[in-house]
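So the structure is just underneath, and the comments pick up after that.
For ligands, and for the atoms within them, numbers begin at 1 and follow the listed sequence. Remember, predicted model here, so these are calculated numbers, not experimental data.
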Amino acid sequence: ACPVNAITTGNNTFRFLRDLATPNKLVITQMAPAVRVAIGEAFGLEPGTNVENKISSALRQIGVDYVFDTTWAADLTIMEEAAELQERIEKYYSGDKSVRLPILTSCCPAWVKFIEQNYADMLDVPSSAKSPMQMFATVAKDIWAKEKGLERDQVTLVSIMPCIAKKYEASRAEFSRDLNYDVDYVITTSELMTLFKDSNIDLSQIEDSPIDSVLGDYTGGGIIFGRTGGVIEAATRTLYENMTGKKLEKVEFESLRGWDGLRVAEVKVNDLTLRIGIAYGLREAGKLLDKIRNKEEFFHAIEIMACPYGCVGGGGQPKAKKRLETLQQRAEGLNSIDRSLDLRVSKDNPKVRAIYDNHLDHPLSHKAHELLHTEYFVKVKRGKDENTDASKEE
Ligand code: SF4
């Protein structure tokens, strides 16, 4: 069940297979954080088991040329979002009337479409940072491909996502140039699972093979994007260190965690107590936005994800019998990866720093705005069923 009844919901498996079979066609993939802790369920593994290196191996086996990871771009998204939040806070408290708080995370296309359709007077509040999927795609086609001497249309970029709404996001016109889309098409976790089974690939048995790290490894901040509260926790880790100039002694912000559909937390940064809202399910998001619009509540930042427990519960993920228990296990799987990493704050990612040094100067620079930011448009609802709440449907 897609939270937005996404416009482009077609299954692209056949197209993927055709591209893989086409001689001299360069096919690259990116994979979202939540995919790796869910797909193993279809092969008898426990929910939450991290099979990223098995997915990588299986993708190579079916002919993918480069297997990349969206999670690296989640760290890049955090660099931009944390800088944007800091800039807005500083302007807001200096009396600059051109900015509004809260800032709203913008990596969920279902939620972006929801606000475009229902809160046209609030389109200046979402972060303008592109989602990790779209940031990855821009970097891959406009920087990585160029460095390899390739034109954009010589690279076919396939995104493996837990999400049906990502098909809609990839098809938005602003994410294309000269009729070449940054993301060529999206395959969901469930579609990939079927493709592997049809190809007689048993993910539980296949040897590991590491993801290509040309574009970089990820930090713990990037991997927790896949669960509720993860985007804002990752942003808070980087924001805290940027604003205080100190290293965090404890990177886990327990106050931002939990399973309720609507949560409020406070985080102290220097003399400022940040008030943060976290919601999943568009019904809860609507309640939160109404309160903000009516000035009943004030927040500095808000994370909204359309699906239950965030992307781990996305409409493109395998269906689970014990649903909530399974979603929690998937989320804990991401937390466990985070805990296992040496680098857990996005700003410490060396490859992310390198891309700023070599191509983008610094977060929010002119070049970063050109490549990594987007804008939002008023949209008209076309059917009474649009904006269906994912948590109700699933
Ligand atoms: Fe997609 Fe759901 Fe994640 Fe939003 S919360 S990005 S709709 S999977």
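A heavy-atom distance below 4.5 Å is found between the side chains of Val125 and Arg88. Considering only heavy atoms from C-beta on, Asp182 stays 4.5 Å or farther from Phe136 through its side chain. Inter-residue side-chain proximity for Phe196 and Ile39 is flagged as met; some heavy-atom pair is nearer than 4.5 Å. Proximity of Leu364 to Glu87: side-chain heavy atoms (C-beta onward) are separated by under 4.5 Å at one or more points.
Here is the list of ligand 1 atoms found below 4.0 Å of a heavy atom in Gly314: 8 (S). Ligand 1 places these atoms under 4.0 Å from at least one heavy atom of Ala306: 5 (S). Interface atoms of ligand 1 facing Ala110, defined by a heavy-atom separation under 4.0 Å, are 7 (S).
Looking at every heavy atom in both residues, Gln154 comes nearest to Gly149 through OE1-O, 4.4 Å.
Metal site remark for atom 4 (Fe) of ligand 1: Cys108 contributes an N, O or S atom at a distance under 2.8 Å. Under 2.8 Å from atom 2 (Fe) of ligand 1 lies no N/O/S atom of Cys163, from backbone or side chain alike. The nearest N, O or S atom of Cys307 is not closer to atom 3 (Fe) of ligand 1 than 2.8 Å.
Within 6.0 Å of CG on Asp178 lie no more than 12 heavy atoms contributed by other residues, nucleotides or ligands.
Close to ligand 1: Pro109, with a non-hydrogen atom less than 4.0 angstrom away.
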